[in-house]
Amino acid sequence: LPSLLGQLTALGTLALAGNVLNGTIPVNLDLLTALTSLFLFDNALTGPIASSLGQLTELQTLGLENNSLRGNIPDDLGLLTALTWLNLRTNELTGTIPSSFGQLTALRSLSLNDNALRGTIPDDLGLLTELTFLGLFENALTGAIPSPLGQLMALDTLALYNNTLTGAIPDDLGLLSALSWLGLYD
């Protein structure tokens, strides 16, 4: 991806998905302050997710799935408070799920599945009351399922399978009256 993309400051949508683009995500995409949608999925991008993407405060949709992105998910993505859709699935991401994601209160869909994420599921995800889809399956997550997930009354799909979760299933999950798909199997 050429760094000159950062010069397109009036751009609202950048959709370069479904190609064979390689290299890293340019750091200067943070200059695209009018950007509301960024779609770079289904490519061959490598390297880390640039923390500078957290400066795109107008961003509502971010799709980076099906690449070969590596490293930790930047905490700065928690600054994207207008975000309604975040898809980072099927990469090679490691580290933990940032607790800063609890600030993404407009988020409706969060897909982090098919990575190598470890650690526990942050309690702060229970603050995402608009969330309808939560996909954390096929990672290396450990610990208990946090009971604050039972506060996600709009949640339709909860997919946590193929991790190493332990403990009892929280009773609070029984409060999720909108839930139509629950995947906890190993």
Side-chain angles (χ1 to χ4, degrees), residues 24-30 32-33 35-41 45-152 154-155 157-167 170 172 183:
T24 60
I25 299 171
V27 174
N28 69 345
L29 288 185
D30 64 337
L32 305 177
T33 55
L35 204 63
T36 59
S37 298
L38 178 57
F39 300 113
L40 300 177
F41 58 86
L45 298 174
T46 58
I49 298 172
S51 62
S52 59
L53 293 181
Q55 297 176 33
L56 299 174
T57 56
E58 300 299 315
L59 204 60
Q60 297 171 14
T61 52
L62 177 58
L64 302 178
E65 70 269 22
N66 296 325
N67 281 290
S68 295
L69 299 171
R70 296 177 182 219
N72 295 337
I73 299 172
D75 285 333
D76 291 350
L77 293 187
L79 301 172
L80 301 175
T81 55
L83 208 59
T84 61
W85 188 77
L86 176 59
N87 196 333
L88 304 178
R89 70 176 169 83
T90 317
N91 277 290
E92 299 169 24
L93 299 171
T94 56
T96 60
I97 300 170
S99 61
S100 64
F101 277 14
Q103 300 171 55
L104 303 176
T105 55
L107 203 60
R108 289 188 214 125
S109 179
L110 177 60
S111 299
L112 303 178
N113 49 290
D114 297 308
N115 281 291
L117 299 173
R118 56 180 166 65
T120 59
I121 299 170
D123 286 348
D124 293 343
L125 295 186
L127 301 172
L128 306 180
T129 57
E130 300 296 316
L131 207 60
T132 61
F133 179 88
L134 179 57
L136 304 179
F137 58 94
E138 304 212 7
N139 278 291
L141 299 172
T142 58
I145 298 169
S147 62
L149 294 185
Q151 300 170 21
L152 303 177
L155 200 62
T157 302
L158 177 59
L160 304 178
Y161 59 89
N162 289 346
N163 282 290
T164 314
L165 300 172
T166 57
D172 293 350

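Since the structure is predicted, the reported quantities are computational estimates derived from the model, not experimental observations. All residue numbers refer to positions in the sequence shown, counting from 1.
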Show me the donor-acceptor pairs within less than 3.5 Å that the side chains of residues 108-118 make with the rest of the protein, sequence neighbours left out.
| from | atom 1 | to | atom 2 | distance (Å) |
| --- | --- | --- | --- | --- |
| N115 | OD1 | N91 | N | 3.2 |
| N115 | OD1 | E92 | N | 3.4 |
| N115 | OD1 | L93 | N | 3.1 |
| N115 | ND2 | L88 | O | 3.1 |
| N115 | ND2 | L112 | O | 3.0 |
| N115 | ND2 | N113 | O | 3.2 |

Exercise. With sequence neighbours excluded, tell me which residues meet side chain to side chain contact (heavy atoms under 4.5 Å, CB included) with L127.
Key: D124
Self-check item: OG1-CG distance between T36 and L83, expressed to the nearest 0.5 angstrom
Solution: 11.0 Å
Practice problem: Over all heavy atoms of both residues, which pair between P98 and P74 is shortest? Give the atoms and the distance, please. | Solution: CG-O, 4.1 Å
Quiz item: side chain to side chain contact (heavy atoms under 4.5 Å, CB included) with P148: which residues, sequence neighbours excluded?
Solution: D123, P146, Q151
Quiz prompt | Straight-line distance of L62 CG to L104 CG, nearest 0.5 Å | solution = 10.5 Å
Self-check item: Pairs flagged by side chain to side chain donor-acceptor pair (under 3.5 Å) wherever residues 126-143 is involved - sequence neighbours left out
Solution: E138-N162
Practice problem: Measure the CG-CG distance between L136 and L158 for me, rounded to the nearest 0.5 Å. | Solution: 7.5 Å
Quiz item: If you look at every heavy atom in A140 and N163, which pair is closest and at what distance?
Solution: N-OD1, 3.5 Å
Quiz item: Taking side chain as C-beta onward, heavy atoms only, is L38 less than 4.5 Å from L32?
Solution: no
Practice problem: Would you name the heavy atoms of L152 and L128 that are closest together and state the gap between them? | Solution: CD2-O, 3.1 Å
Exercise. Applying side chain to side chain contact (heavy atoms under 4.5 Å, CB included), name anything that partners N28, two or more places apart in sequence or on another chain.
Key: S3, P26, D30, L31
Quiz item: Closest heavy-atom contact between I25 and A50?
Solution: O-CB, 4.5 Å
Quiz item: To the nearest 0.5 Å, what is the distance between CG (N66) and OG1 (T90)?
Solution: 4.5 Å
Quiz prompt | Shortest non-hydrogen contact between L53 and L80, atoms and distance | solution = O-CD2, 3.4 Å
Self-check item: Over all atoms of both residues, closest heavy-atom pair of P170 and I145
Solution: CG-O, 3.1 Å
Quiz item: Side chains of L45 and L64: closer than 4.5 Å at any heavy-atom pair?
Solution: no
Practice problem: Mind checking the OG1-CG spacing from T96 to L141? Nearest 0.5 Å is all I need. | Solution: 9.5 Å
Quiz item: Restricting to pairs with a member in residues 50-64, which pass side chain to side chain donor-acceptor pair (under 3.5 Å), not counting sequence neighbours?
Solution: S37-T61
Quiz item: CD of E65 to CG of L40: how many Å apart, nearest 0.5 Å?
Solution: 9.5 Å
Quiz prompt | S100 side chain vs D75 backbone, donor-acceptor pair below 3.5 Å | solution = yes
Quiz prompt | Non-neighbouring partners of F137 that pass ring-ring contact (aromatic ring centres under 6.0 Å, His included), sequence neighbours left out | solution = Y161
Quiz item: Tell me the ring pair (Phe, Tyr, Trp, His ring centres under 6.0 Å) pairs involving residues 95-136, sequence neighbours left out?
Solution: none
Quiz item: Heavy-atom distance under 4.5 Å between the side chains of T94 and N72, does that happen here?
Solution: yes
Quiz item: Who passes side chain to side chain contact (heavy atoms under 4.5 Å, CB included) against P48, sequence neighbours left out?
Solution: none
